[in-house]
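Order of the sequence lines sets the chain letters (A, B, ...), proteins ahead of strands, with each chain counted from 1.
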Number of protein chains: 2
Amino acid sequence: MGSTPQVRRKVTLSDIAAACDVSRATVSLVLRGSPLVNKNTRARVEEELRRQGYVYNRSAANLRRRTSSSIALVLNDLANPFFAEFAAGVDEAVAAAGFVTLLGNTAESTDREQAVLGSLVEHGPGGIILSPAEGGDARKVLEAVGEHLPLLLFNRELGGDMPARAHWDTLVLDNQRGAQMAAEHLIALGHKRIAFFGGHRDSSSCRQRREGYRQAMHAAGLRVESHWMIESAPTRLDAARQAAALFAGKSAPTAAVCYNDAVALGLMLGLYQHGRRPGHDFALTGFDDIAEARVSMPPLTTLSTVPRERGRQAAALLLHRLHHPDTPPSHTVAPVKLVVRDSSCPPPAA
Amino acid sequence: MGSTPQVRRKVTLSDIAAACDVSRATVSLVLRGSPLVNKNTRARVEEELRRQGYVYNRSAANLRRRTSSSIALVLNDLANPFFAEFAAGVDEAVAAAGFVTLLGNTAESTDREQAVLGSLVEHGPGGIILSPAEGGDARKVLEAVGEHLPLLLFNRELGGDMPARAHWDTLVLDNQRGAQMAAEHLIALGHKRIAFFGGHRDSSSCRQRREGYRQAMHAAGLRVESHWMIESAPTRLDAARQAAALFAGKSAPTAAVCYNDAVALGLMLGLYQHGRRPGHDFALTGFDDIAEARVSMPPLTTLSTVPRERGRQAAALLLHRLHHPDTPPSHTVAPVKLVVRDSSCPPPAA
DNA sequence: TCCCCGGTTTGTAACGATCCAAATGTAACC
DNA sequence: GGTTACATTTGGATCGTTACAAACCGGGGA
């Protein structure tokens, strides 16, 4: 009745086999639910498994079967709510497929990215989902990952010059179209002088969003003043600091398309600090629709990317690749949706 | 010069040994940087390792050495910024120790917790860091984890009746002291009628925070009206919904100690919706110091828990346990720090 | 009686690494 | 020259599991 102490050594399949007086092969068949084993034997073995508190050693099985039961998830900034949601989505889908997630956070450092990839690959994941650190080099990533391990790139392109045949899949947001929609929305409200605020000049997502903004402005026959393009780190703090720059020159803008939500929230704070009231005398939009966008003051008009769903999608794409290693690389662009809230108001004088 | 194609099969230590005309054992020694091998042999082998693009198979090594190179991290809500930061801290320390992180998100479901633990344990982690789902049962957790796998419980106690000898370590925040500090701060500002707002009645952290609040009130000789204790889900949305309840009866409070930051931010929103201005005619405090607390309107007075540092600490505690399996369980209470910002103002009539 | 058959079971050799005791080669010593 | 000491190298056996081909077994048909 009492549980067997089993002080140190782990219980293995051999222990069970010995106790039931059957071969290891039979126990293995039971574990995998094979229809070959006799009903009685199965019952006897299963009872013994419970009794001894056996736990399956999947690494050993993977070694023998030359399979994998994990996928690696490498993120440039796990602490960012956008990626945290994304990770939750990945894990959800990965777990549902019977895999486990190996996590690695690079904190936006390409050195750590190299190290993390190297370390994770040694654990034999079936594939890798990577949101690259800024300024990474395609060649180095490929070197760490190898030519044959399925790789899904999320969110960013890889920098550096491309190797001859890039074998990876990609999943990116429709940055350009999204920023374009935001700008069109502000234009429709009557704004004429619209800034593009925040983000790093050379990040690929920022470039794409700027481009979308430009297209919308151009299509509406509106001019873009160079001092309406304001760079900042993609953080609230730096964004708040840069707010003043908007009103430095003459012909100050009445609205801004912000690089992302963090920047937009920072800008809001900066506006308040300069005595302006976002959503009343200045309109702005974000990008990402993080949880706080809904409850900021005022609630933020933004582009919803549904990061959790993107995580599920990324996992699905990678799992698909695991089963079809030889189909040509796929490149998915996930649509984004404009969510209108109170931060985008008409221009004051309109 | 060109890289060897190596179309399918992975390169193993045997391949290298064959190519260098040495034994597998020697290659193994090289890989582990043993001082036994001759300088020339080492160079020859290392060159070949590079040439063939060898990657170490850590699972195989772990099998043979009966070691582990991973730790499992199981969280009740990865999408919550608090836990995302925590996870980043864990991963940082875990990676620095040469381990990888196996991630599992339970989304606050005890069923998924069981499944996730079961699945992760099969991959042979060296230990587990678990932030339990609400309403979990100690017995079931122990059943999934086993009696001998190092386990560190973070943030919450386990429900259900305790097994005879609980072998796990714990790391919790000083919830009681924190809430007490918040209440004392409000009292010092001159508030007499202070509510405790939000959180689930029966969650252990909420109980502890309520207790801290009570102690402070009692120590100051202040009464606690029962309708000042308002329950809510620990989310912004539900908190905003419950805001009205504060002013339902007579003797409405002039301040509130909130269960956590999410609840506090929700309450702020609710206050605005009822025409009140938090930080001017109503004071409130949060708990956690999430990133947005600093930039809310007004910036939130709260208790800083430094979740990333807690993550590092959790990893350190678990790694310590790995090296000292037989020392008695440790129970760590992490201090919290009051961060005063603008949301805590004096009472209006004072 | 013998043979064949489906339903079960099993022995043995892997998977890719490490451990360990023993073997090798070389230089140094008496 | 023979012995010892030291530096290197190596052949298995092994970790816990699975694949595979072969063996077993009881019964039905010839």
Q: Using the ring of each side chain (for Trp, its six-membered ring), is A:F83 parallel, tilted or perpendicular to A:F154, with breaks at 30° and 60°?
A: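 Correct class here is perpendicular.
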
Q: Mind listing the closest non-hydrogen atom pair of A:K10 and A:D15 along with its distance?
A: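 Heavy atoms of A:K10 and A:D15 come nearest at O-OD2, 3.7 Å.
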
Q: Which angle, rounded to 10°, do you find between the first-five-pair axis and the last-five-pair axis of the helix from C:dT1-D:dA30 to C:dC30-D:dG1?
A: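 Computed angle between terminal axes is 80°.
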
Q: A:D169 and side-chain contact (heavy atoms from CB on, under 4.5 Å): which partner among A:R321, A:H331, A:H320?
A: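 Exactly one pass, corresponding to A:R321.
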
Q: Reading DNA chain D from 5' to 3', where do the contacts with chain A start and stop? Cut-off is 4.0 Å to heavy atoms.
A: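 Contact span on the strand: D:dG16 to D:dA19.
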
Q: How would you label the contact of B:T26 with the nucleic acid (heavy atoms, under 4.0 Å): base, sugar-phosphate, or nothing?
A: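 Counting heavy atoms under 4.0 Å across all strands, the contact made by B:T26 includes a base.
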
Q: Looking only at heavy atoms, which two atoms of A:S69 and A:N62 are closest? And how far apart?
A: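 Nearest heavy atoms, A:S69 then A:N62: OG-ND2, 3.0 Å.
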
Q: Of all the heavy-atom pairs spanning A:D161 and A:A138, show the shortest one and how long it is.
A: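 Taking every non-hydrogen atom into account, O-CB, 4.0 Å.
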
Q: Which parts of residues 118-125 of chain B get close to DNA chain D, meaning a heavy atom less than 4.0 angstrom away?
A: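 Heavy-atom cutoff 4.0 Å gives no residues at all.
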
Q: Does A:T106 offer a backbone N or O that forms a donor-acceptor pair with the side chain of A:N76 under 3.5 Å?
A: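 Absent.
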
Q: Donor-acceptor pairs under 3.5 Å, side chain of residues 26-34 of chain A to any protein atom, not counting sequence neighbours: which ones?
A:
from  : atom 1 : to    : atom 2 : distance (Å)
A:T26 : OG1    : A:S23 : OG     : 3.2
A:S28 : OG     : A:R32 : NE     : 3.3
A:S28 : OG     : A:R32 : NH2    : 2.8
A:R32 : NE     : A:S28 : O      : 3.3
A:S34 : OG     : A:L36 : N      : 3.0

Q: Give me the atom names and distance for the closest heavy-atom approach of A:A334 to A:L171.
A: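 Where A:A334 meets A:L171 most closely, the heavy atoms are CB-CD1, 4.3 Å.
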
Q: Residues of residues 31-42 of chain B with any non-hydrogen atom less than 4.0 angstrom from an atom of DNA chain C: list those, numerically ordered, please.
A: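 DNA chain C contact set from residues 31-42 of chain B: B:R32.
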
Q: Using whole Å, report how far CG of B:N57 lies from P of C:dC15.
A: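 Whole-Å distance recorded here is 12 Å.
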
Q: Starting at atom CZ of B:R58, determine the distance to atom P of C:dA17, rounded to an integer number of angstrom.
A: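 So the two atoms are 11 Å apart, to the nearest Å.
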
Q: When you measure from every atom of DNA chain D, which of residues 59-70 of chain B have a heavy atom less than 4.0 Å away?
A: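 DNA chain D contact set from residues 59-70 of chain B: B:L63, B:R64, B:R66.
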
Q: Does B:E47 pair with B:R44 as a salt bridge, N-O distance under 4.0 Å?
A: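 So B:E47 does not pair with B:R44 through a salt bridge.
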
Q: Among A:T101, A:L102, A:L318, A:V100, whose side-chain contact (heavy atoms from CB on, under 4.5 Å) with A:V94 holds?
A: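 Testing each of A:T101, A:L102, A:L318, A:V100 against A:V94, the sole residue satisfying side-chain contact (heavy atoms from CB on, under 4.5 Å) is A:T101.
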
Q: Just wondering, do A:Q52 and A:I16 contact through their side chains at under 4.5 Å, heavy atoms?
A: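 Sidechains of A:Q52 and A:I16: in contact.
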
Q: Strictly distance-based, threshold 3.5 Å: is any side-chain N or O of B:E113 a donor or acceptor partner for the main-chain N or O of B:A133?
A: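 Side chain of B:E113 to backbone of B:A133: a pair is present.
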
Q: Closest nucleotide of DNA chain D for B:V22 versus for A:L13: which of these residues is on the 5' side?
A: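 Counting from the 5' end, the first nearest nucleotide belongs to B:V22.
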
Q: Whole Å only: how far is the CG atom of B:D15 from the P atom of C:dG16?
A: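 Atom CG in B:D15 sits about 8 Å away from atom P in C:dG16.
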
Q: Minimum heavy-atom separation for B:L153 and B:P132, please, with both atom names.
A: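 The answer is CG-CG, 4.2 Å.
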
Q: So, A:E108 and A:R156, do they make that salt bridge, N to O below 4.0 Å?
A: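 Yes, this pair counts.
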
Q: Between the side chains of B:K140 and B:E143, is the shortest nitrogen-to-carboxylate-oxygen separation below 4.0 Å, so that they form an ion pair?
A: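 So B:E143 does not pair with B:K140 through a salt bridge.
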
